[in-house]
A.B. asks: 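This structure is in structure tokens; I'll ask about it shortly.
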Amino acid sequence: MESVTVVLALLLSVLVSGALGRLLPLPLPLIQIAIGVALALGPLPSTSLDPEIFFLVFLPPLLFLDGWRIPKRDLFRDGKTVLALALGLVVLTVLGIGTLIHVMIPGIPLAVAFALAAVLSPTDPIAVSSVAAQAPVPRRLMHILEGEALLNDATGLVCLRFAIAAALTGTFSLPQAATTFVWLALGGIGIGAATTFLLMGAQDLLRRRTGEDPGLQILFSLLTPFGAYLAAEHVHASGILAAVAAGIAMTYVEIQGRSLGATRVRRTAVWDTVALAANGSIFVLLGEQLPAVLREAAKQSDVEGAGWLVAWILAITGGLMAIRFVWVWVSLQFVLMKARRNGDRREAPTLRLVSATTLAGVKGAITLAGILTLPLTLADGTPFPARDLSILLAMGVILTSLLIASTILPPLLRGLRLPPEPSHDSEEDAARAAARDDAVKAIEALQHRLVEEQEDASIAVEAGARAMDRYEGLESPTETPRKDVSRVKQLALTEKRLRLAGIDAERQALYRLRRSQAIDDVLLRRLVREIDLIEARLVA
């Protein structure tokens with residue numbers, strides 16, 4: 001019963017935080033953390049956060065959904081910038097901040113300092129989105145931040161694994177670390193993509209044999225990230241990268257256009273609910289763990305005053321931001337230099353843009369779960385050095401980065417302009433025109449067949465004219481009373497059949513355009529959803 005009570009309390013907390021987030025001018029993660037602290041201090045049973053269960057329950061679906069929904073064309077366009085942030089910046093952060101922590105706090109061994117720096121290197125896109133909700137984030141910047149967060153989770157946790165191994169054994173092998181990293185990355189990506197294609201292939205086979213059941217299709221999609229994560233972890237590859245790769249692969253399955261519109265509408269609602277509950281629960285759990293972490297750190301650490309703790313947390317946060325600022329500025333300069341060699345005379349990045357990208361590197365759930373994976377003891381049974389102090393410092397950096405971002409980032413983002421992007425208006429107009437043309441052709445072809453098949457050809461002619469109204473911008477004529485009830489019913493059924501044929505042709509045209517890279521994922525998803533909703537009203 002305690003576990004059930006905890007789950008219900010988490011869901012209720014997410015519900016309450018959502019209402020408070022609309023009433024209070026505060027980022028949603030801070031509200032959820034505060035509610036978590038209140039739960040920990042209240043009469044309800046508290047829970048110990050098992051990192052393995054946390055990684056399995058919360059991360060796979062969220063990373064899968066992020067990989068699924070992130071625009072692939074934008075991700076690949078800014079791929080070099082994303083990789084520079086997700087790989088180069090993480091390694092630099094581990095080395096730089098790890099050295100800073102060891103020099104500043106000699107009681108933390110170098111290997112443990114590197115482990116702490118490794119869990120502080122990943123950013124949290126959920127926290128960034130919530131903080132930036134108070135001010136519009138330029139689309140391109142948000143896509144870069146999302147792409148960075150998708151990849152740097154795995155990089156940071158891999159660095160953490162090697163730092164913990166060095167702390168336990170006292171040795172570190174660079175060749176072995178490089179080999180292991182390659183397997184973790186390539187194995188995780190390959191297994192994740194293969195899992196999606198295998199499960200979706202099985203789903204397609206089942207659909208052809210038994211027809212499409214929206215509930216079963218949604219359940220397939222919900223199980224896919226967990227299958228990818230567990231399969232990768234079973235062979236010691238990166239489960240996190242597997243979940244991301246599974247989500248990216250899901251896009252290429254989806255653009256084949258095999259699912260029913262009703263399935264997509266219901267699946268979107270289910271996944272939005274899962275994301276809302278999981279995202280909120282993560283930050284409530286973070287706040288729920290905070291009082292216990294503070295108590296344990298106060299009992300077992302060698303800290304003699306809160307002033308030193310605050311100073312260390314601020315110094316680490318400042319170091320993280322300084323390294324990120326320098327790396328972002330240098331990376332953008334290299335991108336600019338290469339663009340100028342290719343004849344692209346784009347403007348240099350402004351200090352405001354670099355500062356916004358720096359502050360957007362908010363820490364969150366990955367950092368919390370990662371630091372809690374520090375072992376309790378060394379190989380000889382002695383306590384793991386500075387474990388509680390490391391957890392306290394990580395928690396402090398999470399809260400500090402959230403507070404700084406929530407107070408400075410929104411005003412910094414207002415009016416921020418990135419280098420101009422090509423307009424998507426003409427792309428949307430061309431897509432709508434192509435879909436309309438295919439729909440008209442499909443309706444005309446079906447109408448010709450119905451004229452030949454039906455005894456009363458006037459029914460097919462009139463129904464076809466009504467079905468064409470949507471594509472010709474005309475209002476459908478009002479229904480006039482008829483004495484022939486059977487003819488009225490046959491006319492309605494024929495019109496419905498023709499409209500559905502046009503709708504299906506529209507969708508297939510859009511998917512064809514996406515497969516040929518003529519439109520991006522965002523536009524495809526929006527236009528297909530419009531068509532799906534029209535179909536849902538038609539068949540209701």
Side-chain angles (χ1 to χ4, degrees), residues 11 14 57-58 60-70 72 192-230 243 246-279 435 438-439 442 446 467 470 492-493 495-515 521-540:
L11 295 177
V14 174
V57 173
F58 290 102
L62 293 178
L63 293 173
F64 175 83
L65 187 60
D66 286 341
W68 185 359
R69 291 184 174 179
I70 190 171
K72 307 304 179 295
T195 301
T196 294
F197 289 126
L198 286 174
L199 287 179
M200 293 304 107
Q203 170 185 295
D204 192 47
L205 179 63
L206 182 64
R207 182 195 298 120
R208 289 198 301 267
R209 292 287 183 88
T210 64
E212 179 160 337
D213 183 338
L216 289 178
Q217 311 306 315
I218 295 170
L219 186 58
F220 261 106
S221 69
L222 290 173
L223 293 177
T224 299
F226 297 104
Y229 182 91
L230 290 173
I248 292 175
M250 189 69 178
T251 299
Y252 297 97
V253 172
E254 184 182 30
I255 62 176
Q256 302 305 314
R258 294 169 183 160
S259 297
L260 293 176
T263 300
R264 277 188 298 273
V265 172
R266 292 170 59 180
R267 185 177 61 192
T268 299
V270 170
W271 270 104
D272 287 344
T273 303
V274 169
L276 174 67
N279 289 341
D438 279 24
L446 179 57
R470 174 168 173 255
L493 290 175
E495 180 184 348
K496 178 179 178 180
R497 185 177 173 185
L498 290 167
R499 287 184 182 275
L500 289 175
I503 285 173
D504 185 62
E506 282 188 87
R507 264 197 306 253
Q508 295 307 316
L510 293 174
Y511 284 125
R512 186 179 65 253
L513 291 172
R514 171 59 185 86
R515 290 195 294 269
D521 296 315
V522 176
L523 180 58
L524 171 71
R525 199 169 291 122
R526 179 161 58 85
L527 295 181
V528 169
R529 179 166 177 78
E530 289 180 9
I531 297 171
D532 288 343
L533 292 176
I534 293 172
E535 183 184 57
R537 290 196 298 269
L538 188 61
V539 300

A.B. asks: I need the Leu523 CG to Arg526 CZ distance, nearest 0.5 Å.
C.D. replies: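 It is 5.5 Å, given to the nearest 0.5 Å.
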A.B. asks: About how many Å separate CZ of Phe64 and CG of Leu62, when rounded to the nearest 0.5 Å?
C.D. replies: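 Rounded to the nearest 0.5 Å, the CG-CZ separation comes out at 11.5 Å.
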A.B. asks: Do the side chain of Gln217 and the main chain of Glu212 share a donor and acceptor less than 3.5 angstrom apart?
C.D. replies: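 Side chain of Gln217 to backbone of Glu212, a donor-acceptor pair under 3.5 Å: no, none is there.
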A.B. asks: For the residue pair Thr195 and Gly227, what are the closest heavy atoms and their distance?
C.D. replies: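 Scanning both residues completely, I find the closest heavy atoms to be CG2-C, 4.0 Å.
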A.B. asks: Quick one, Leu63 and Tyr229 - any side-chain contact, counting heavy atoms below 4.5 Å?
C.D. replies: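 Leu63 does not reach Tyr229 side chain to side chain.
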A.B. asks: Roughly how far, to the nearest 0.5 Å, is the CZ atom of Arg525 from the OG1 atom of Thr251?
C.D. replies: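 Those atoms lie 6.0 Å apart.
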A.B. asks: Could you give the distance from CG (Leu510) to CG (Leu527), rounded to the nearest 0.5 Å?
C.D. replies: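 Spacing of CG (Leu510) from CG (Leu527) equals 5.5 Å.
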A.B. asks: Here's a test for you: under side-chain contact (heavy atoms from CB on, under 4.5 Å), which of Val265, Ile503, Asp504 qualifies with Glu535?
C.D. replies: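 Considering Val265, Ile503, Asp504, a side-chain contact (heavy atoms from CB on, under 4.5 Å) with Glu535 is found only for Ile503.
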A.B. asks: Might you point out which heavy atoms bring Leu498 and Ala467 nearest each other, and give the distance in Å?
C.D. replies: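 The answer is CB-CB, 3.9 Å.
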A.B. asks: State whether Asp521 and Arg69 are salt-bridged, where the test is any N-O pair (Lys NZ or Arg NE/NH1/NH2 against Asp/Glu carboxylate O) under 4.0 Å.
C.D. replies: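 Salt bridge flag = no for Arg69 with Asp521.
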A.B. asks: I need the minimum non-hydrogen distance between Val274 and Leu222, along with the two atoms involved.
C.D. replies: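 Shortest heavy-atom contact: CG2-CD2, 4.2 Å.
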A.B. asks: Looking at Asp438 and Ala509, what are the two nearest heavy atoms and their distance?
C.D. replies: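 Taking every non-hydrogen atom into account, OD2-CB, 3.5 Å.
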A.B. asks: Determine which pairs satisfy salt bridge (Lys or Arg N to Asp or Glu O under 4.0 Å) with at least one residue from residues 248-260, sequence neighbours left out, and list them in order.
C.D. replies: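 The answer is Asp204-Arg258, Glu254-Arg267.
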A.B. asks: Verify, without hydrogens or angle tests, whether Arg264 (side chain) and Ser259 (backbone) share a donor-acceptor contact under 3.5 angstrom.
C.D. replies: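 Side chain of Arg264 to backbone of Ser259, a donor-acceptor pair under 3.5 Å: yes, one is there.
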A.B. asks: Any idea which heavy atoms bring Trp271 and Ser221 closest together, and the distance?
C.D. replies: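 Smallest interatomic distance, heavy atoms only, reads NE1-OG, 3.1 Å.
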A.B. asks: Are there over 12 heavy-atom neighbours, none belonging to Arg497, within less than 6.0 Å of that residue's CZ?
C.D. replies: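 At most 12 heavy atoms, drawn from other residues, nucleotides or ligands, come within 6.0 Å of this atom.
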A.B. asks: Using a 3.5 Å distance criterion without hydrogens, assess whether the side chain of Glu506 forms a donor-acceptor pair with backbone atoms of Ile531.
C.D. replies: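 Side chain of Glu506 to backbone of Ile531, a donor-acceptor pair under 3.5 Å: no, none is there.
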A.B. asks: At what distance, to the nearest 0.5 angstrom, does CZ of Arg512 lie from CZ of Arg507?
C.D. replies: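 Arg512 CZ to Arg507 CZ: 14.0 Å, rounded to 0.5 Å.
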A.B. asks: How long is the gap from CD1 on Ile218 to CG on Leu223, to the nearest 0.5 Å?
C.D. replies: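 Taking CD1 in Ile218 and CG in Leu223, the distance rounds to 12.0 Å.
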A.B. asks: Evaluate the side-chain contact (heavy atoms from CB on, under 4.5 Å) criterion for residues Val539 and Lys496: first the C-alpha distance (whole Å), next the side-chain angles of each, then the deciding distance (0.1 Å), finally the verdict.
C.D. replies: CA-CA 8 Å; Val539 300; Lys496 178 179 178 180; 4.3 Å; yes
A.B. asks: Kindly give the heavy-atom pair with the smallest separation between Ala442 and Ala505, and that separation in Å.
C.D. replies: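 The pair with the smallest heavy-atom distance is CB-CB, 3.6 Å.
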A.B. asks: I'd like to know if the side chain of Arg515 reaches the main chain of Ile255, judged simply by a donor and an acceptor atom lying under 3.5 Å from each other, with no hydrogens or angles considered.
C.D. replies: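 Checking the backbone N and O of Ile255 against the side chain of Arg515, a donor-acceptor pair under 3.5 Å is found.
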A.B. asks: What residues form a side chain to side chain contact (heavy atoms under 4.5 Å, CB included) with Val253, not counting sequence neighbours?
C.D. replies: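 By the side chain to side chain contact (heavy atoms under 4.5 Å, CB included) rule, Val253 matches Thr196, Phe197, Met200.
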